[in-house]
Amino acid sequence: MTIVPNFQTAIDPAKLEKLGEVAVKVGLGLEEGQDLVITAPVAALPLVRFITKHAYMAGAGLVSAFYSDEETTLARYRHAPDASFDKASNWLYEGMAKAYENGAARLAIAGDNPMLLAEQDPAKVARANKANSMAYKPALEKIANFDINWNIVSYPNPSWARQVFPDLPEEAAVAKLAEAIFAASRVDVADPVAAWAEHNANLRKRSGWLNGERFSALHFTGPGTDLTVGLADGHEWHGGASTAKNGITCNPNIPTEEVFTTPHALKVEGHVSSTKPLSHQGTLIDNIQVRFEGGRIVEAKASKGEEVLNKVLDTDEGARRLGEVALVPHSSPISASGILFYNTLFDENASCHIALGQCYSKCFLDGASLSPEQIKAQGGNSSLIHIDWMIGSNQVDIDGVRADGSKVPVMRKGEWA
Ligand code: ZN
Ligand code: ZN
């Protein structure tokens, strides 16, 4: 086995370097002297190298990369003793949390095979995920609370490309996924950094309008959906670039098409149907239908992956409540590509979505100064999980509900009204 297999030839190196440059300049806004922690699948080494190069060119102090590998992950499920599945690398996550405390930025490269664990025992997958979530919590909080600048970009792993384009030979699948990633990440243009500045300005215009309206709820209607999502007290809409508590402006997700805010954990009523399958850590969960009462999911069904869905909902009390609601027009470039990526980073940007679990404290007015107790009092949810799933389509309408009960069209047939 070689570390850099020959499928690399399917990926345009000039565009890959632009993706690395955009990740550093737009995604992270990396500052001179700032350290950087990278996590990546081992297949993404060529992108890690470009990111590292541009990080040092931007004046990075020290770049440290940590790799995961699909075969070694599977070896655990095939051969490890049962007790292994309650373990996690606490020491590694504690070190990462310490690095972030000391001012390091964080970059994650996504691109693992979304179906890697599909054949494995769901109970073991759930235990391993829970142990990992608990160990990761101190580091994840620094990210979720936006203490530091962070970014996620994607690499066209061959195993992922085969999932997305099962009918193509591997090299053609990788080439096609690479081009889709480059287009969605806006690096297939002459000046990607300028393209991102314009895109960020557009997203700011939308979030600015919603912040001016101060809706108390959003009402979604469509096939299988009649859902009222109450918004948290003092919620604030965000989208595109935003400024972390360390003062650095970054674009956490590349790509991103969403404007999003915090729902009220106790004020979600009605039922909703998913509009795209959710790929959750190796399992495809399809045709989700859930019913909310008082903000809590009291009934959950899925045509595929229902067992995994119910395990996810049982993670903790907050797993049955919403931590995010996001608006994405149906005509977004990712939606227009018609590709199902089996990767939330892309698929959530094709559609309006909601997320089960942890809320983002930055989605509150003056969020940086609020204590966890204040966030809870204002309706912010807390959980070990944060899982986005898609509820938008060209058949879904959304109204903004004002405090006096009057309604304002926000989206019609999936487009901004
Ligand atoms: Zn989102
Ligand atoms: Zn989310």
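In listed order, ligands and their atoms are each counted from 1.
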Asker: Are Phe215 and His235 an aromatic pair, judged by ring center distance below 6.0 Å?
Answerer: no
Asker: Between Glu213 and Arg402, is there a side-chain N and carboxylate O pair less than 4.0 Å apart?
Answerer: yes
Asker: Would you list the pairs meeting salt bridge (Lys or Arg N to Asp or Glu O under 4.0 Å) in which at least one residue belongs to residues 304-315, sequence neighbours left out?
Answerer: Glu307-Lys311, Asp314-Arg320
Asker: Before accepting this row, confirm whether a basic side-chain N of the pair Asp399/Arg412 lies closer than 4.0 Å to the acidic partner's carboxylate O.
Answerer: yes
Asker: Does the side chain of Ser84 come under 3.5 Å of the side chain of Arg76 through a donor N or O and an acceptor N or O?
Answerer: yes
Asker: Does any donor atom in the side chain of Glu324 or His353 lie under 3.5 Å from an acceptor atom in the other side chain?
Answerer: yes
Asker: Sort by chain and number the protein N/O/S atoms that are closer than 2.8 Å to the Zn ion (ligand 1), and list them.
Answerer: Glu258 OE1, Glu324 OE2, Glu348 OE1, His353 NE2
